[in-house]
Structures are given as structure tokens and as C-alpha cells.
Amino acid sequence: MSLYNIFEISGSAMSAQTVRLNTTASNIANADSVASSDGEVYKARHPVFSTIMNQLGNAQSGGVRVAGIVESQAEAIARYQPENPMADDEGYVYAPNISLVEEMANMISASRSYQSNVQVANMTKSLLTKTLTLGQ
Amino acid sequence: MAISFEKAFGVHETALNLKAKRAEVIANNLANADTPNFKSRDIDFKKALELANSQRASKLIRTHESHIDSRIGTEIPGLSYRIPLQPDTGDGNTVEAQIEQTKFAENAMQYQTSLTFLNSRIKGLISALKGE
């Protein structure tokens, strides 16, 4: 029964979107984590999604998975704060180059996608319940 | 007049199966709404129903184990790519969530229509068997 596959498909999408929300939360939380050098600074993380292909690898596929998490290559922002205990010899601290606007947009997109998958799962559930009472 | 269960359900059984498959395809589109390079797909219901009816009559028979199964790749008849309203989204993804959602709702209603037809056929059979 192919309706059961939908739960797997929507479920995989929900977990993928959860990973996305997690990375966004981590990025926003670390937006102000400064470090003493360019190399130690926090880098924004973003998940990369890919489709799960079935064994035949052509016609059908089932859901989505997180292929990996990439770190942003954006250069850190150097701030002159000699009073900061993390400052280097020249008085600079390094803050991660995270765009809060981008992260907030990402968060909204992830939560909307999550919601639409929940809706699909709910609708499928009601269809299955009706199918089970067929002929009664 | 003999009661035939196969004839009683008629096209609705095949239609119900196809609609379940279509729901799966659209659910997969929605699941991959944020996947780069994913191409949205859908089932052409009319074509699929025609193919499903014709396949039943002429299925290729495998006479040797090294023959390729003719059903591979045609598991879902009538499956093809959707033409997006907005051709370039920047990441090669052609899923338009609002369209997929309406298609899914439409398909769910059609599924329930098929269920209603089947239900009334079953009720008809039951009343014929009871003879009341």
C-alpha cells in the first residue's frame, strides 16, 4: 500500500527540516561568539539536502536526507576591542560573519516546510482511516 | 444474473491505486521542496489509467532469468516532470509548494470520491446478497 510510504517520506522531510532548524539556532546563538584568531572563530553551518533514491534509481524516490553540513567560508569580522580578554596582541577580536537576516529567513522557510509535511502526514492518516473502514 | 466481484468494483479499484500512488509522488515533491536540483513530478491520471488498463492485457513474459523485467521503470505509469511556472529558482529546484499542496488536497478529495464509489458498490452487493 503506497499510502504508508508517505509517512516515511514526510517523516524524512521533517527530520531534515529539524536539522536545518538546529543549525539555524546554533548560528544565531553563536552570532556574537568572539575568538582570538580568524581560525578559531565559529563558522555558520548549513545543511545540504539530497533526495533519497530507491534501488532502481530512476522513476521513484522516497523522501529527503541531509547529505552533509557545510561550514560557511565567509571571513570573520575583526573588531578592535583591546579591553576584551579574548583580544589578540594588536587588540582585535574576531566575530563570525553571520547574517541574522539570512538566518531568520532560513528559520521561517524551515518551519513552513515542516508544517506542510505535517499536513501531508495528517491528510494521509485520515485517508487511511477511511480506507480501513471501507465497506462498513 | 451472476454476481461478479471483479466486475462490481470495475475501474474504481485501479483508480484508487493510482490516486494512492499520485499522493505518494506529490508527498515526495513536498518533502523535497528545499532540495537543490530536485525536479517536481506528477502523474497524468488519464494517461496512467489508460496505461494501467492496457498493461493488464499485455504484460511481457520473462522466459529466461537474464531477461530484463519489463515492469522496471514503468512502476508508476504516466509519471512525468511538472513544468514550473517560475523556470529558474537559482538552485535548480522546480517544486512550487503552493501548487503541490493544492494538488495534494485535490488528489485526496478524488481518493475519497473513489472510496465513496467503492463503498456504494459494496453496499449494493450486500443488499443483493441479503435479498431483503
Side-chain angles (χ1 to χ4, degrees), chain A residues 1-17 19-20 46-67 70 106 109-110 112-136, chain B residues 9 12-13 16-39 41 43 69 71-80 91 93 95 97-98 100-101 103-105 107-126:
Chain A
M1 191 72 195
S2 55
L3 278 182
Y4 283 110
N5 294 342
I6 296 180
F7 290 118
E8 230 166 89
I9 293 170
S10 301
S12 73
M14 280 186 250
S15 34
Q17 298 295 348
V19 172
R20 193 171 164 206
H46 294 112
V48 177
F49 292 166
S50 83
T51 314
I52 302 171
M53 293 295 185
N54 69 344
Q55 306 96 309
L56 296 172
N58 51 6
Q60 277 168 285
S61 60
V64 61
R65 70 191 167 88
V66 178
V70 290
N106 241 328
S109 169
R112 288 284 180 233
S113 298
Y114 190 96
Q115 279 173 21
S116 76
N117 281 295
V118 170
Q119 220 173 347
V120 166
N122 260 334
M123 189 105 88
T124 310
K125 190 181 136 202
S126 77
L127 284 184
L128 269 175
T129 318
K130 285 197 173 119
T131 315
L132 286 174
T133 56
L134 188 67
Q136 280 176 16
Chain B
F9 294 145
H12 299 303
E13 188 193 338
L16 197 72
N17 268 328
L18 280 175
K19 278 159 193 166
K21 283 253 193 288
R22 185 163 183 235
E24 192 188 336
V25 171
I26 300 175
N28 189 42
N29 288 345
L30 273 169
N32 283 289
D34 298 314
T35 311
N37 290 321
F38 179 83
K39 305 294 180 211
R41 285 171 307 185
I43 291 178
D69 191 345
R71 285 166 302 170
I72 288 179
T74 56
E75 250 190 301
I76 301 180
L79 186 73
S80 60
D91 63 352
N93 186 304
V95 179
Q98 68 283 13
E100 302 298 340
Q101 267 168 346
K103 293 275 180 205
F104 191 84
N107 188 61
M109 286 314 293
Q110 288 171 345
Y111 186 90
Q112 293 187 50
T113 315
S114 282
L115 277 183
T116 313
F117 278 131
L118 280 175
N119 248 332
S120 65
R121 293 287 171 99
I122 292 168
K123 290 221 172 78
L125 279 177
I126 289 172

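In what follows, every chain begins at residue 1, and chains take the letters A, B, ... in the order their sequences are listed.
Taking a 6.0 Å sphere around CD of A:Glu8, one finds it holds 12 or fewer heavy atoms contributed by other residues, nucleotides or ligands.
With sequence neighbours left out, B:Phe117 forms a ring-ring contact (aromatic ring centres under 6.0 Å, His included) with B:His12. Residues meeting the side-chain hydrogen bond (donor to acceptor under 3.5 Å, both in side chains) test with A:Ser10, sequence neighbours left out: none.
Under a 3.5 Å cut-off, the side chain of B:Asn28 and the backbone N or O of A:Gly63 do form a donor-acceptor pair.
Across all non-hydrogen atoms, the minimal contact from A:Met123 to B:Ala105 is CE-CA, 3.7 Å. Across all non-hydrogen atoms, the minimal contact from B:Asn119 to A:Leu134 is OD1-C, 3.8 Å. Here the shortest heavy-atom pairing between A:Leu127 and B:Leu115 reads O-CD1, 4.3 Å.
With rounding to the nearest 0.5 Å, the separation of CG in A:Leu3 from CG in B:Leu16 is 8.0 Å. For the atom pair CD of B:Gln112 and OG of A:Ser126, the computed distance is 6.0 Å after rounding to the nearest 0.5 Å. The structure places CD1 of A:Ile9 at 11.5 Å from CD1 of B:Ile26, a figure rounded to the nearest 0.5 Å. Rounding to the nearest 0.5 angstrom, the gap separating the CG atom in B:Asn32 from the CZ atom in A:Arg65 is 11.0 Å. Here the straight-line distance linking atom OH of B:Tyr111 with atom OG1 of A:Thr124 works out to 9.5 Å at 0.5 Å rounding. Note that CG of A:Asn5 and CD of B:Glu24 are 4.0 Å apart. Values are rounded to the nearest 0.5 Å.
Counting only heavy atoms from C-beta outward, the side chains of B:Leu30 and A:Gln119 never approach each other to under 4.5 Å. Under the 4.5 Å side-chain criterion, counting only non-hydrogen atoms from C-beta, A:Phe49 is not in contact with B:Asn93.
Chain B forms more heavy-atom pairs under 4.5 Å with one residue of A:Ala13, A:Gly135, A:Ala67, A:Ala121 than with any other, namely A:Gly135. Considering only heavy-atom pairs separated by less than 4.5 Å from chain A, the leading option among B:Ala33, B:Ala23, B:Ala31, B:Ser120 is B:Ala31.
A:Arg20 touches chain B through its side chain: at least one heavy atom from C-beta onward sits under 4.5 Å away, while N, CA, C and O do not. No part of B:Ala97 comes within reach of chain A, as not one of its non-hydrogen atoms sits under 4.5 angstrom from that chain.
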| task | Please report the C-alpha distance between A:Gln17 and B:Asp34 in whole Å, then the side-chain angles of each, then the deciding distance to 0.1 Å, and finally whether the side-chain hydrogen bond (donor to acceptor under 3.5 Å, both in side chains) criterion is met. | result | CA-CA 9 Å; A:Gln17 298 295 348; B:Asp34 298 314; 2.8 Å; yes

